[in-house]
Every structure is written in C-alpha cells, then in structure tokens.
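Some notes on the structure that comes next.
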Amino acid sequence: MRRTRSRARLLAPRVAAHLASRLALTLLTLVLTALATFALFSLWPSDPAALACGKPCTPENLERARAFMGYSDPWYTQFWNYLVGIVAGRTFGHGAQAITCAAPCLGYSFRLSTPVSTLIADRLPVTASIAIGAAVLWLVIGVAAGTVSALRRGSRLDRGIMTGTVLGVSAPSYLLGLLGILLFGFTLDMVPVSGYTPLSESPLHWAWHLLLPWCVLALISAAVYARMVRGEMLENLGEDYVRTARAVGLPERRVIGRHVMRNISLPLLTFFALDLGGLLGGAVITERVFSMQGLGALLMDAVGASDIQVVMGLTLVSAAFVVVANLIVDAVAALIDPRV
C-alpha cells in the first residue's frame, strides 16, 4: 500500500506536466486552426459585403457595408479582431446602428441577423443528440462483435461478422439512410422518417425520432470498430502475458476482461473520441437525409448562401471538438497508463 502511494506521488507531477503541455498544445492548435480558417475564407471568391449591400449597390454603399462588417481593415487586423471577439465580444459598426456580438463571438450572420454562436447553440442539441446516441450504439455493437469474432476465429460466426463489416464499411451513409426510410418508415411504418423532438419536451419522442439515424450511423461505424477490435484482440491473444495468465490458472473471462480488454482500450478510446468529436461538428449527410436542422444542415445552408461568417464559425467549432476530444483522450490515457 505504501509503495503504491509513493509511486502515485512520484507520478503525479509527471502526469500534471504532461497534461499542462498538452493543454498548451491544444490552445496553440486552436489558434493555428483559426488562422488557417480565416486565411482560407479570406480568399473566398464572393464578397460578403456585396451580398449585404442591397440594390442599388453603389461603390459608396459597398465601401460603407465593408466598413460596417469589418472587411475594410487589413487581414491581420481582421484576424486579431476575430480572436478578441471570441474572448471579449465584438461590436460591428458605430452609433445607433451598431450591432453587439457577445462573447464568445464567432462572427455575425448578417444574412440571418444573428450571432454565429447563437446559431450554433440553437442547432447543437440536434447534432449532439444524433452523435452521442449513435456513438454509444456503435461502441457497444462494434466492441461486442469484434470480441466475439476474435474469440471464435475461423468459425462461421467469425466469417459472418467480417462479411457484415465489409458491407457496413463500403455502404454510403446516405444509401443506408434512404433504405432505412423506405423499409422501416414507408413500407413497415415502424419509425418516423424526419423531424426532431427536443429532449426536454418528451424523452420518448426524442429517442423515437432519433432511432433510425442512430442505427444508420451506428451500423457504419460499428463495422470499423468490429474489425479494429478483432485485429487488436488477435494480436494481444498471442502475447506472452496472455499465455502466462492462462498458465497460472486465471479464468478465461478474467484474462480477456481484465488484461486483453485493458490493453486494447487506449487505441479504442482514441478512435472513439476523435470520431465522436468529428461527428459533433455536424452529421451533414445524415441530417440532410432525415431532414434534421443540426449543425450539418446549418453548414450546407451557409455554403449555399456564401455566409462566410457562419462557415468560419462552424469550421472552428468542429476543429475545437476534435482537438478537445484528443486532449481528453490524452488525459485519460495518462491516468490509465502512466507510461504515456
């Protein structure tokens, strides 16, 4: 007991230093991502000020619109104002017509007359509901299928699961979504095919409307996870520590559950966190197929309308989800395995 406590005390500063360095790297990554995003959309061929100028758009009105929206400043000034707006808020224009965008200000959609952060906050519950529910399903199904396939290697069950994973990996999400709507929505009339009910209104209707999108996304990702878990388990089952554990008489359930699964948990957790973080940025195709107004639908509408502020905000938020997910994985990995 004393040895364990002393070891924990020695490792604690190293783990804290590791997490602090990862946090600093995360902040730097977000700033560089914002710079790259800003530089990319600064080269956008359409002029947002021209879209908001109105008709007739005289050169004087265009210049006035550019000054009001902040596009008349040099690019580095615009980028600095953008970063400051995220932390402290921002004001567009002057006088009685000034528009205040409270922190965190990710831009302002003059097309919708709404701050980008407000638009994202309104749509995020839809995307988060789709992403988290599907993630739980694909993790459970993928890990279970991969584990069974590895333990029954070479059997008919193994071949059947691997054949199903090939179909799941190769099938496009929009095709599975359309087939699910056709079969379970229109033909069998079992589940709703569109719409979204907030969780606060009715948890049952919330889950019922999301069941089909969850299953579509889960089937695709579960196929990838099943193949990954199977490969990792087969590799670990051939290691010396497994043969030693079996030789000393440990039950097979303990060998698999406590030793093998623990060793494959870190790569599995890494992939899961990154996939979930990416999906939280917007399930574009799934939201379109099932007519749900989440971040993916907001992004597609903004691209079609050349609403650069919304596209920039969504791009930065999507990157932030992935980077933060990576940071959480590093923190959990450092706690699970101090050798990291």
Set of side chain to side chain donor-acceptor pair (under 3.5 Å) partners for N61, sequence neighbours left out | T58, R64
Pair D301 + R288, salt bridge at N-O below 4.0 Å | yes
Would you check if the side chain of S117 reaches a backbone N or O of P104 as a donor-acceptor pair within less than 3.5 Å?
-> yes
Would a distance-only check, ignoring hydrogens and angles, find a side-chain to backbone donor-acceptor pair under 3.5 Å from E287 to G296?
-> yes
Y225 side chain vs F271 backbone, donor-acceptor pair below 3.5 Å = yes
Backbone N or O of G146 within a donor-acceptor pair of the S149 side chain at under 3.5 Å?
-> no
Hphob cluster co-occupancy, I130 + L219, side-chain heavy atoms under 4.5 angstrom | no
Basic-acidic side-chain contact under 4.0 Å: D307, R111 | yes
Is there a ring-ring contact (aromatic ring centres under 6.0 Å, His included) between W208 and W214 once you walk through the steps?
-> CA-CA 10 Å; W208 191 238; W214 284 345; over 10 Å; no
Which atoms form the tightest heavy-atom contact between V260 and Y241, and what is the distance?
-> CA-OH, 3.7 Å
Under 3.5 Å, is there a donor-acceptor pair linking the side chains of Y108 and T114?
-> no
In terms of hydrophobic clustering (I, L, V, M, F, W, Y; side-chain heavy atoms under 4.5 Å; direct or indirect links), are V191 and W206 co-clustered?
-> yes
Using only heavy-atom distances, determine whether the side chains of E63 and S72 contain a donor-acceptor pair under 3.5 Å.
-> no
Run the ring-centre check on F110 versus F92 and record whether the distance is less than 6.0 Å.
-> yes
Any chain of hydrophobic side-chain contacts (each under 4.5 Å) joining L276 to L139?
-> yes
Enumerate the residue pairs fulfilling salt bridge (charged side-chain N to carboxylate O under 4.0 Å, His left out) with a member in residues 75-96, sequence neighbours excluded, ordered by first and then second residue.
-> none
When clusters are formed by joining ILVMFWY residues with side-chain heavy atoms under 4.5 Å apart, either directly or through shared neighbours, do L28 and F321 land in the same one?
-> no
Hphob cluster co-occupancy, L35 + L25, side-chain heavy atoms under 4.5 angstrom | no
Reference residue F38; test ring pair (Phe, Tyr, Trp, His ring centres under 6.0 Å); the match among W80, W75, F79 | F79
Look at atom CZ of F68 and say whether more than 12 heavy atoms of other residues, nucleotides or ligands are closer to it than 6.0 Å.
-> yes
Would one find more than 12 heavy atoms of other residues, nucleotides or ligands at under 6.0 Å from atom CE of M228?
-> yes
H209 backbone acceptor or donor facing Y196 side chain under 3.5 Å | no
